[in-house]
2 protein chains.
Amino acid sequence: MVKKTGATHSRSESRRKEIILAALACFTEQGINETSITDIRRRSKASVGSIYHHFGNKEQLARAVYIEGIRDYQAGLVDVLERHEDAREGVFAIIRYHLEWAKQNPEWTRFLFQKRHADFMSSTEKQFKEMNVDFARRIAAWFQKHVRAGALKRLPPDLYPCILLGPCQEFLHHYLATHTVTSLDTAAREFGQAAWCALSAGSDREAR
Amino acid sequence: MVKKTGATHSRSESRRKEIILAALACFTEQGINETSITDIRRRSKASVGSIYHHFGNKEQLARAVYIEGIRDYQAGLVDVLERHEDAREGVFAIIRYHLEWAKQNPEWTRFLFQKRHADFMSSTEKQFKEMNVDFARRIAAWFQKHVRAGALKRLPPDLYPCILLGPCQEFLHHYLATHTVTSLDTAAREFGQAAWCALSAGSDREAR
DNA sequence: TCATATTTTAGAATAAGATTCTAATCAAGT
DNA sequence: ACTTGATTAGAATCTTATTCTAAAATATGA
């Protein structure tokens with residue numbers, strides 16, 4: 001009756017995971033719209049009833065897949081960031097991390113960033129909102145620290161992630177779609193350089 | 001029998017346009033998946049048969065909407081770019097244009113950039129590919145010119161658009177979704193500055 | 001260990017919506 | 001006016017998401 005605090009849901013949990021992974025595979029292969037519940041059923045060996053029992057509907061299933069992925073991505077990013085004391089190293093590291101994660105997790109990346117949460121994630125979702133608020137706070141804190149220390153330019157806080165990761169996102173878009181583009185390593189170097197130029201204090205000389 | 005080269009399709013053409021606009025409105029209000037053909041029928045006053053006659057199916061309708069919008073956007077961008085001789089001014093102008101267009105065309109922007117072509121635009125689409133190839137060529141040409149003239153850093157060509165517009169895209173994402181962010185004008189200034197720092201030749205001093 | 005309650009799974013039944021089809025209507029050229 | 005192809009209507013069909021009922025599995029408590 002009372003929910004267990006620990007975990008031993010062996011059967012149930014693993015079934016849930018199976019469904020999520022099957023869904024991820026289907027979604028990235030054929031797109032969310034194009035995958036039917038039947039596709040997921042076949043791939044996961046679960047029944048329709050089971051899928052609906054665990055996730056309610058297709059939209060919420062997609063949401064669960066999204067959460068699963070973004071959590072891992074964000075955790076790693078914060079980790080990298082908070083491990084770096086030096087501003088310049090932090091900037092380069094964050095970009096490297098982003099691109100490297102994408103390289104290691106192409107399916108998740110395709111799912112998370114190509115077709116973002118836009119469709120099924122109404123940004124008012126409690127779970128999603130909480131996660132992002134915390135994430136944003138910790139990112140912002142890191143930048144603030146270095147702004148105060150005089151290492152980084154002061155900007156409206158919401159612009160830092162844009163300048164830092166915008167180019168990566170744009171790049172991944174093409175990288176994951178058609179290929180025949182610059183290597184991820186080269187891109188990481190160049191974007192790191194670019195971001196550092198753009199963000200480091202004292203680059204204002206160009207203002208004329 | 002032979003297709004007219006000019007245009008007077010008055011009836012047919014305008015019906016087509018009506019459907020596209022109705023679809024755009026529905027798509028941005030409720031999302032592509034959530035809008036039924038019936039929604040579009042109601043809003044456009046066209047019949048189911050008419051819609052299918054003109055577009056084949058919902059996917060192709062979405063595609064048509066996309067093409068319609070992206071064509072306008074790209075034309076304006078190339079125009080702005082080719083109007084600017086000076087590298088620095090060109091860089092700032094392109095960013096201003098991008099954000100300004102988004103401000104003037106919020107519905108189109110939401111449709112074009114929030115949920116990109118990912119879903120329904122398999123990037124192998126002939127029409128789409130042609131358009132983009134031409135667009136990319138002209139953008140690349142402009143940058144090459146200034147690289148040769150020594151005004152811009154030499155980079156792998158596919159990275160220019162990423163560095164230039166990536167931050168804008170990332171920003172618009174938030175701007176169009178939740179708001180409570182920096183104004184578009186401020187963003188345009190800062191991103192312009194950032195991009196110029198990142199792209200102008202001689203910023204390499206930071207390389208240490 | 002057995003009886004009972006709760007969670008999970010199956011798969012058939014239903015409902016919603018996309019697509020197809022057949023037959024009118026319209027516009028243009030002759 | 002007459003023929004032909006394009007366009008429109010809307011009913012019929014087909015696909016797929018979702019709901020529902022009941023069976024199986026698992027946990028709980030004596």
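Order of the sequence lines sets the chain letters (A, B, ...), proteins ahead of strands, with each chain counted from 1.
Ionic pairing of A:E107 and A:R110 is not present here: no N-O contact between side-chain nitrogen and carboxylate oxygen is shorter than 4.0 angstrom.
Under 4.0 angstrom from either OP1 or OP2 of D:dA6 there lies no side-chain N or O belonging to B:H54. Checking the phosphate oxygens (OP1, OP2) of C:dT9, no side-chain nitrogen or oxygen of A:S47 falls inside 4.0 Å. Under 4.0 angstrom from either OP1 or OP2 of C:dA10 there lies at least one side-chain N or O belonging to A:R15. Residue A:H53 has no polar side-chain atom (N or O) positioned under 4.0 Å from OP1 or OP2 of C:dT9.
The distance from atom CD of A:Q30 to atom C1' of D:dT16 is 14 Å, rounded to the nearest whole Å. Atom pair A:I51:CD1 and C:dA10:P shows a separation of 10 Å (rounding to whole Å applied). Rounding to whole angstrom units, CG of residue A:L61 and C1' of D:dA17 are separated by 13 Å. Between the C1' atom of D:dA9 and the NZ atom of B:K45 lies a distance of 16 Å, rounded to the nearest Å.
Every side-chain contact (heavy atoms from CB on, under 4.5 Å) that B:R41 has, sequence neighbours left out, goes to B:T38, B:V48, B:I51. In this view, B:Y73 and B:Y97, B:H98, B:W101, B:F113 satisfy the ring pair (Phe, Tyr, Trp, His ring centres under 6.0 Å) rule, not counting sequence neighbours. Residues forming a salt bridge (Lys or Arg N to Asp or Glu O under 4.0 Å) with B:E68 (at least two apart in sequence, or on another chain): B:K17. Scored by the ring pair (Phe, Tyr, Trp, His ring centres under 6.0 Å) test, B:W142 finds B:H146 as partners (sequence neighbours excluded).
Within the structure, salt bridge (Lys or Arg N to Asp or Glu O under 4.0 Å) contacts touching residues 21-33 of chain A (residues at least two apart or in different chains) are A:E29-A:R43.
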Short heteroatom pairs, N/O only, protein and nucleotides 17-20 of chain C, under 3.5 Å:
unit_1, atom_1, unit_2, atom_2, d
C:dA18, OP1, B:K58, NZ, 3.2
C:dA18, OP2, B:I37, N, 2.8
C:dT19, OP2, B:Y52, OH, 2.9
C:dT19, OP2, B:K58, N, 3.2

